Amino acid sequence: DPAVALASLKKGLEKATAMDFEPKDGTPAVPLAVAGSIDVKPFGTWAIHGTGNALKTISVPYNGSVLSGASLSFQLDKWARRGTMEADCAE
């Protein structure tokens, strides 16, 4: 029922915005509605220049083994199908 789903989502949003969040700098916890007004430093970007050889593959430890190549692609697709991660992340 769409009306029930909408009411549930609204209630969840109300609860989330009423939650207290503790800023990383250790200042006291504040409600989310107030957190948006806290003066914070903007994000920045940096370049890291290395001297070694770049890795050509990605390996991810998972469930007692290390996934890479086809096994990693298979697991990423599985997670995407289940909704555990966004599909574009699996690409």
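All values derive from a computational prediction rather than experimental measurement. Only heavy atoms go into these numbers, but all of them, side chains included; no hydrogens, no water, no symmetry mates.
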Side-chain polar contacts of residues 63-86 - donor-acceptor pairs under 3.5 angstrom, sequence neighbours left out - could you list them?
residue	atom	partner	partner atom	Å
S65	OG	Y62	O	3.3
S71	OG	S68	N	3.3
S71	OG	S68	O	2.9
S73	OG	G69	O	3.3

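- Hydrophobic cluster of L9: no remaining members, since no ILVMFWY side chain lies below 4.5 Å from it.
- Other residues sharing the hydrophobic cluster of V4, ordered by chain and number and joined by side-chain separations under 4.5 Å: none, the residue standing alone.
- By the neighbour-count criterion of 12 heavy atoms within 6.0 Å, atom CG of L6 is densely surrounded, having more than that number from other residues, nucleotides or ligands.
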Distance-only donor-acceptor hits, side chain of residues 49-57, under 3.5 Å, sequence neighbours excluded:
none

